[in-house]
Amino acid sequence: MRKIYYVGAVLLATSLASCNDLLDKYPLDKFTNTPAYWSNEKNLENQCNTFYNNFSGYSGWYYFKNLSDDQVASDGDLNWTYTNVPASSDNWNAPFTEIRRANYIISGVKMSTLDEKTTKPFEGIARMNRAWQYYMLVRQYGDVQWIDYVMDPADKENVYGERTDRDVVMDNVLADLKFAAEAIGGGRHDRFSSDMAYAMLADVALYEGTYCKYRTAEENAGKGPDAARAKKFLTECVDACTAIMAKEYKLNDSYKGNYNSLDLSDNPEMIFFKPYEKNLYQHSLIDYTLNTSGTHGISKDAFDSFLFLDGKPLATTSLDKNDAAKKVSDGKYSLEDVLSVRDRRLSVILDPVLVMKGAPYSRHGSAEFTSTTGYGIAKYDNWKELSVDERNNIGKQYTDAPIYWLSVIYLNYAEAKAELGELTQGDLDKTINKLQERAGLPAMSLTPAADPANDMNVSNLIWEIRRCRRCELICDNWYRYWDLVRWHQLALLDSEKNPDIYLGANLKNVEKPEVDVAANGYMQGSNTLNLKRIYDKKHYFYPIPSGQLTLNEKLTQNPGW
């Protein structure tokens, strides 16, 4: 039986109500901050183990994060994350608690009497996790206070200081990750490691490089494109990916096996995964994809992004473009013919039938359920090894969750090289084209044909690399939303200008559908008929909670809020 290590340690997160979150006195009164404490290796390990709780895995990072053009929510999660300024927010609070924890560990290591060989990996883990928290904060809020030491609450000048330029913060994030990648070392793939730090560095550097390349002053508080900065971070992404690709990792033969396995420890693609264990540590993801109250189906826009087996998009394929389900019995409509000519991933991701009100579906013995768009999400389910009871109830699933894995490294590498103008056919063949082969698609060339659907004002090559990323990672880890942010394509989430993001399956052959149908014959996504999601440039940043502005008069609100 595998060891389950996602448990609390000494420095537990708390709800912070009356202090500046970054500088709350907690945990000063929870342990004795002395050289003796930090000279105990078990104490260092316990402190670092708490960071594992921040990698949510199947308890929130997959499928549920549907503010994108990939999925249509079944509830009120259809609008922007914030439509008004909140008084407080865990998106702001929680990272600062973990940053303070990291700073305690880093400062504690420096006073420890243990040798550097022992302490350096712990410092690397702390710095990697500090970098992760700051990366999330910068993505959401832009400029945030950078603090790299344990601050005395009496130090009012710094406690209530100004926000630090986001570029400066991200430079520090890069430095932390580079240190971590050299310091942590190897080990199991369910433990923090240097390879995980390299994978995180690749994600962060790709984000920063493309963000700085495509940002506009109008959308980003006056800070426009920075070609030199973009090149620096894109190069760092390539270097980090190269370090991973030089190791023994290789693609798993099964795309679905990355998502529905009871044990990822032997999966050759995994860099870091979150383990679950029956009767000990379980999740509810599969049950939510079988939810009798309605599941989060993919959109027509997402469905249409998948290539046909001739390697061509919807507009130019010579294969059968018909996407209407075929009636097979009363109230049952098959998608098998529709899926048979498309990217093989699609038939793994989706249920083989329409799943909607009037045509509910039972997936391998589960209770009948419906989808917001007619498309059900099957990619996470494991009906061969989990019982119906385990799959169809909250808190009973124990499939492992991928956090960093090789296909993402391949996608990052190819995109970064393309953005640098350095991508070769050899680069494509050792990255993207391995994913294409697994998906049953022809290899991509450096000069792909134009797709009339390209609405991002980028080259045909970059468009196709972005398509591959979208299809490979659909429903995963909120990648799509943050990809749109870094590409500065958030306007694509405007449902008025892009109505296909609220539509679902083709209902042409459905007799007397019990759902709303758009004028073009496609299912109107559940709960979207009267809800418009209108883009405003202010949504590139979350609003600073008003409670923080009250506590610290030097903090300024983000533009437009």
Salt bridge (charged side-chain N to carboxylate O under 4.0 Å, His left out) involving [X] - partner list, sequence neighbours excluded:
X	answer
E116	none
D476	K379
D266	none
D351	R363

Who are the side-chain hydrogen bond (donor to acceptor under 3.5 Å, both in side chains) partners of [X], not counting sequence neighbours?
X	value
D389	N393, K396
E269	N258, S407, R438
R130	N103, D176
K120	none

Nearest 0.5 Å, what's the [atom1]-[atom2] distance between [X] and [Y]?
X	Y	atom1	atom2	value
I465	L435	CD1	CG	11.0 Å
L174	M170	CG	CE	8.0 Å
L137	W146	CG	CH2	10.5 Å

Is there side-chain contact between [X] and [Y], with at least one heavy-atom pair below 4.5 Å?
X	Y	result
E41	F122	yes
H539	L490	yes
N129	E98	no
Q436	C468	yes
C471	S305	yes
P402	Y62	yes
F541	Q140	no
T289	F369	no

Just jot down the side-chain contact (heavy atoms from CB on, under 4.5 Å) partners of [X], sequence neighbours excluded, or say none.
X	result
E385	L262, N382
K247	D195, Y249
S254	N252, K256
A302	D70, I298, S299, R470, I474

Check: [X] side chain, [Y] main-chain N or O, donor-acceptor pair, under 3.5 Å:
X	Y	answer
N40	Y37	no
S362	E368	no
T50	N46	yes
S371	Y375	yes
D115	T118	yes
Q133	I99	no
R391	H364	yes
T295	G297	no
T242	V238	yes
T372	H296	no

Test side-chain hydrogen bond (donor to acceptor under 3.5 Å, both in side chains) applied to N412 and D203, step by step: CA-CA 7 Å; N412 290 352; D203 271 5; 2.7 Å; yes
Please report the closest heavy-atom contact between [X] and [Y], naming both atoms and the distance.
X	Y	value
M523	G374	SD-N, 3.5 Å
E415	L206	OE1-CD2, 3.6 Å
V173	Y135	CG2-N, 4.2 Å
W132	N54	NE1-O, 4.4 Å
Y141	P543	CE2-O, 3.3 Å
Y58	Y276	N-OH, 3.0 Å

Polar side chain donor-acceptor pair, [X] to [Y], under 3.5 angstrom:
X	Y	answer
S89	Y82	yes
T210	R486	yes
Y288	Q397	no
N172	D148	no

Between Q47 and W38, does a side-chain contact (heavy atoms from CB on, under 4.5 Å) hold up when you go through it step by step? CA-CA 10 Å; Q47 299 292 354; W38 297 109; 3.9 Å; yes
Ring centroid separation Y198 to Y404 under 6.0 Å: no
So, do Y380 and Y259 have ring centers that fall under 6.0 Å from each other? yes
Step by step, would you call F272 with H189 a ring pair (Phe, Tyr, Trp, His ring centres under 6.0 Å)? CA-CA 5 Å; F272 177 67; H189 299 304; 9.4 Å; no
Working note: T399 + H283, criterion side-chain hydrogen bond (donor to acceptor under 3.5 Å, both in side chains); need CA distance, chi angles, decisive distance, verdict. CA-CA 8 Å; T399 47; H283 62 83; 2.9 Å; yes
Test side-chain hydrogen bond (donor to acceptor under 3.5 Å, both in side chains) on N279 and Y398 and set out the steps. CA-CA 8 Å; N279 297 326; Y398 45 96; over 6 Å; no
Dump the intermediate steps for side-chain contact (heavy atoms from CB on, under 4.5 Å) on I286 and E390, then the final yes or no. CA-CA 9 Å; I286 295 171; E390 288 169 333; over 6 Å; no
Derivation and outcome, side-chain contact (heavy atoms from CB on, under 4.5 Å), residues F273 and N267: CA-CA 10 Å; F273 70 92; N267 186 310; over 6 Å; no
Could D483 and R469 be called an ion pair, given the rule that one side-chain N must be under 4.0 Å from one carboxylate O? yes
